[in-house]
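Keep in mind that what you see is a predicted model, and the values were worked out from it rather than measured. The chain is numbered in sequence order, starting from 1.
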Amino acid sequence: MTHEPLYDPPGHLLTPVDPEVPQRVARLRELGLGQGPDAEFDALARDLAETAGRLVGSEHPPFAMVNFVTDRQYLSGLYAPPVPGADATGAVELGRDVPLDHGYCPHVVMRRKALVLDDVCDYPRFAGNPVVDRLGIRTYAGAPLIDHTGTVLGTVCIVDRDPKPWGHPGLNLIKERAADLVELIRRREGI
C-alpha cells in the first residue's frame, strides 16, 4: 500500500505551472492588453489603492496593480505610493515587467478565486516569495480577471509593506474591483 506524503516533496514549485498560458496569451493579444501601460488602468489602480488605504485606516495607500499574467507578469495598471526613505521623486523599485515567481498573482490565476493574505509571513508557502525580501511586501489581496470567454486574463491586486487586516471588507473590495475591470474590458471589446 502506497501512502501520499503529508509534506511538500523536495523540488516543490512555489509558482504554479499554468497550462492555460497559450490560451491567455492569444486572448490578451486579441484584446490588445498586457503589452504596455494603460492610463485608465493606472487611474483605477490609484483609486483602488486610496480606497484600500481608507478601508484599513492606513497613513499611506498601498501599492495597487492591474496585472496580466502569462509566462511573465505585466502591470498595465500600476499605482506605487511615495515611500518614506525613497529617492527625491518618491520612486520605488517596482517596474511593470515582473518575473512570474515574484508575487502572488499567479496563484490567484490558477485558483480562479480571490486570495487575501493579511500577513504573508503567516503562510510558509507565501513568506518565501522574492517580493518579501526584495520589496518588503507583507500583505496581499488579489482577485482574478475572468472575461466572458472564461479566460483568466490576470488579476487586480493590492500589496503593502505592513500587514493589513483586510478581512471580509478587503475581500469584497478586491472582488468588486475585479468585476469593474472585467466590465471595462468587455465594453472596450464592444460587447
Side-chain angles (χ1 to χ4, degrees), residues 14-16 37-38 40-69 73-87 89-146 152-182 184:
L14 292 178
T15 303
D38 184 302
E40 196 167 13
F41 292 161
D42 282 345
L44 289 167
R46 180 183 192 97
D47 181 66
L48 172 59
E50 291 170 352
T51 303
R54 286 191 302 272
L55 181 72
V56 294
S58 182
E59 291 178 28
H60 62 86
F63 297 84
M65 293 149 255
V66 176
N67 184 5
F68 296 109
V69 180
Q73 301 180 78
Y74 188 79
L75 309 177
S76 282
L78 174 62
Y79 175 73
V83 176
D87 67 21
T89 66
V92 65
E93 187 184 337
L94 183 64
R96 289 188 185 260
D97 213 339
V98 179
L100 199 57
D101 66 341
H102 283 56
Y104 312 102
C105 291
H107 296 275
V108 171
V109 167
M110 289 293 296
R111 291 166 35 108
R112 300 177 73 91
K113 293 180 0 183
L115 175 65
V116 175
L117 304 169
D118 291 349
D119 186 344
V120 299
C121 292
D122 288 343
Y123 304 88
R125 178 182 190 119
F126 298 117
N129 195 282
V131 297
V132 175
D133 292 333
R134 184 168 172 240
L135 298 175
I137 298 303
R138 289 289 304 273
T139 193
Y140 174 89
L145 302 172
I146 304 173
V152 181
L153 304 173
T155 66
V156 59
C157 69
I158 44 182
V159 298
D160 203 358
R161 292 179 171 173
D162 299 313
K164 299 285 188 245
W166 299 119
H168 287 292
L171 176 63
N172 292 336
L173 173 65
I174 204 71
K175 288 168 73 175
E176 288 167 8
R177 293 306 167 91
D180 294 344
L181 276 162
V182 168
L184 171 63

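Closest of all the heavy-atom pairs between Cys105 and Val69 is CB-CG2, 4.2 Å. Annotation for Gly77 and Asp42: closest pair CA-OD1, 3.3 Å, computed over non-hydrogen atoms. The heavy-atom pair separating Ile158 from Ala52 by the smallest distance is CD1-CB, 3.7 Å. Among all heavy-atom pairs drawn from Val159 and Pro62, the shortest one is O-CB, 3.2 Å. Taking each heavy atom of Gly103 and Val131 in turn, the nearest pair found is N-CG1, 3.6 Å. Nearest heavy atoms, Ala143 versus Ala178: CB-CB, 3.7 Å.
Note that OH of Tyr140 and CG of Asp160 are 14.0 Å apart. Values are rounded to the nearest 0.5 Å. Remark: Glu176 CD to Leu173 CG distance equals 6.5 Å, nearest 0.5 Å. Atom CG of residue Leu117 and atom OH of residue Tyr104 lie 7.0 Å apart, to the nearest 0.5 angstrom. Considering CZ of Arg46 and CG of Leu78, their distance stands at 11.5 Å, rounded to 0.5 Å. Separation of atoms CZ (Phe68) and CG (Asp38) is listed at 7.5 Å; rounding is to 0.5 Å. In this structure, NZ in Lys113 is found 10.5 Å from CG in Leu171, a value given to the nearest 0.5 Å.
In this structure Thr139 satisfies the side-chain hydrogen bond (donor to acceptor under 3.5 Å, both in side chains) test together with Trp166, sequence neighbours excluded. Pro169 is linked by a side chain to side chain contact (heavy atoms under 4.5 Å, CB included) to Leu55, counting only residues two or more places apart in sequence or in another chain. Partners of Leu44 according to the side chain to side chain contact (heavy atoms under 4.5 Å, CB included) rule, which considers only residues two or more places apart in sequence or in another chain, are Phe41, Leu181, Leu184. For Asn172, there are no side-chain hydrogen bond (donor to acceptor under 3.5 Å, both in side chains) partners two or more places apart in sequence or in a different chain. With sequence neighbours excluded, the residues satisfying side-chain hydrogen bond (donor to acceptor under 3.5 Å, both in side chains) with Asp47 are Arg177. With sequence neighbours excluded, the residues satisfying side chain to side chain contact (heavy atoms under 4.5 Å, CB included) with Asp162 are His60, Lys164.
Between the side chain of Arg96 and the backbone N or O of Tyr74 there is no donor-acceptor pair closer than 3.5 Å. In this structure, Gln73 contributes its side chain and Asn67 its backbone to no donor-acceptor pair below 3.5 Å.
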Under the side-chain contact (heavy atoms from CB on, under 4.5 Å) criterion, do Val182 and Leu153 qualify, and how do the steps go?
-> CA-CA 9 Å; Val182 168; Leu153 304 173; over 6 Å; no

Verdict with reasoning, Ile174 to Val156, per side-chain contact (heavy atoms from CB on, under 4.5 Å) = CA-CA 7 Å; Ile174 204 71; Val156 59; 4.2 Å; yes

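Two residues are said to be in side-chain contact when any heavy atoms from C-beta on lie closer than 4.5 Å; Pro61 and Tyr79 meet this criterion. Under the 4.5 Å side-chain criterion, counting only non-hydrogen atoms from C-beta, Val109 is in contact with Thr155.
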